[in-house]
Asker: 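Below is a structure I'd like to ask you about.
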Amino acid sequence: MPASPDRARLLAPAQVAEMLQIEVDEVVALVIDGRIRGAKVGSPPRWRIEAASIDDYLAAQIEDARRSALWQQSQVASFPELWGRPRDRSRPES
């Protein structure tokens with residue numbers, strides 16, 4: 001029976017590890033931590049990971065990296081850059 005397009009595609013941890021270029025143990029840890037969706041199926045039970053959750057995980061990683069870069073930029077920005085140069089109090093205002 002062919003899989004319907006709305007049915008979740010399940011991947012083995014080794015497939016996910018190859019896609020993400022990480023170790024299989026790290027993939028299993030991501031599932032256990034709830035960062036990607038997966039379940040043990042079959043007999044004997046084997047991990048299977050929902051393919052769509054990989055896209056969600058990568059999108060979250062990209063967003064985290066973007067926010068981290070913005071935070072790093074804010075830490076090195078000087079106040080004059082943000083709010084303009086301080087006024088010279090020794091000169092009278094015009």
Side-chain angles (χ1 to χ4, degrees):
M1 179 166 143
S4 63
D6 60 339
R7 182 178 280 180
R9 182 171 165 230
L10 299 177
L11 302 170
Q15 291 172 299
V16 176
E18 186 177 334
M19 288 171 51
L20 300 178
Q21 297 181 352
I22 61 176
E23 298 294 324
V24 173
D25 292 343
E26 292 177 79
V27 172
V28 173
L30 289 171
V31 174
I32 292 170
D33 290 345
R35 298 180 73 188
I36 57 177
R37 292 182 301 276
K40 284 188 174 183
V41 295
S43 180
R46 293 188 174 106
W47 282 108
R48 293 297 178 255
I49 292 96
E50 186 179 324
S53 73
I54 304 303
D55 293 333
D56 296 341
Y57 170 74
L58 290 174
Q61 292 296 105
I62 290 167
E63 180 63 15
D64 286 348
R66 185 188 72 80
R67 289 181 182 199
S68 178
L70 288 173
W71 178 254
Q72 291 298 324
Q73 287 175 358
S74 73
Q75 296 301 307
V76 297
S78 68
F79 287 107
E81 288 175 353
L82 296 174
W83 294 311
R85 298 229 177 261
R87 284 188 273 152
D88 186 358
R89 302 245 182 231
S90 62
R91 288 191 212 163
E93 292 185 28
S94 25

Asker: Considering all heavy atoms of both residues, which atom of Pro13 and which atom of Trp47 are nearest to each other, and what is their separation?
Answerer: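 Scanning both residues completely, I find the closest heavy atoms to be CD-O, 3.2 Å.
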Asker: Suppose we screen for salt bridge (Lys or Arg N to Asp or Glu O under 4.0 Å). Which residues come up paired with Arg48, at least two apart in sequence or across chains?
Answerer: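 In terms of salt bridge (Lys or Arg N to Asp or Glu O under 4.0 Å), with neighbours along the sequence ignored, Arg48 is linked to no residue.
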Asker: Restricting to side chain to side chain contact (heavy atoms under 4.5 Å, CB included), what partner residues turn up for Ala60, sequence neighbours left out?
Answerer: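 Listed in chain order: nothing, the list is empty.
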Asker: Going by salt bridge (Lys or Arg N to Asp or Glu O under 4.0 Å), name the residues that satisfy it together with Asp55, two or more places apart in sequence or in a different chain.
Answerer: none
Asker: Once side chain to side chain contact (heavy atoms under 4.5 Å, CB included) is applied, do any residues pair with Arg35, and if so which ones, sequence neighbours excluded?
Answerer: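 Expected list: Leu30, Asp33, Tyr57, Gln61.
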Asker: Show me the pairs that pass salt bridge (charged side-chain N to carboxylate O under 4.0 Å, His left out) and involve residues 57-72, at least two apart or across chains.
Answerer: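 Every salt bridge (charged side-chain N to carboxylate O under 4.0 Å, His left out) pair that includes a residue of residues 57-72, provided the two are not neighbours, is Glu63-Arg66, Glu63-Arg67.
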Asker: Just jot down the side chain to side chain contact (heavy atoms under 4.5 Å, CB included) partners of Ile62, sequence neighbours excluded, or say none.
Answerer: none
Asker: Evaluate the side chain to side chain contact (heavy atoms under 4.5 Å, CB included) criterion for residues Val24 and Val16: first the C-alpha distance (whole Å), next the side-chain angles of each, then the deciding distance (0.1 Å), finally the verdict.
Answerer: CA-CA 8 Å; Val24 173; Val16 176; over 6 Å; no
Asker: Determine, using the 4.5 Å side-chain heavy-atom cutoff (strictly less than), whether Leu10 and Val31 are members of one ILVMFWY cluster.
Answerer: no
Asker: So which pairs with a foot in residues 10-21 pass side-chain hydrogen bond (donor to acceptor under 3.5 Å, both in side chains), sequence neighbours left out?
Answerer: none
Asker: Checking Glu23 now: which residues fulfil side chain to side chain contact (heavy atoms under 4.5 Å, CB included) with it, not counting sequence neighbours?
Answerer: Glu26
Asker: To the nearest 0.5 Å, tell me how far Ile54 CD1 sits from Ile49 CD1.
Answerer: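 Spacing of CD1 (Ile54) from CD1 (Ile49) equals 6.5 Å.
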Asker: Donor-acceptor check, side chain of Ser53 to backbone of Arg37, threshold 3.5 angstrom: yes or no?
Answerer: yes
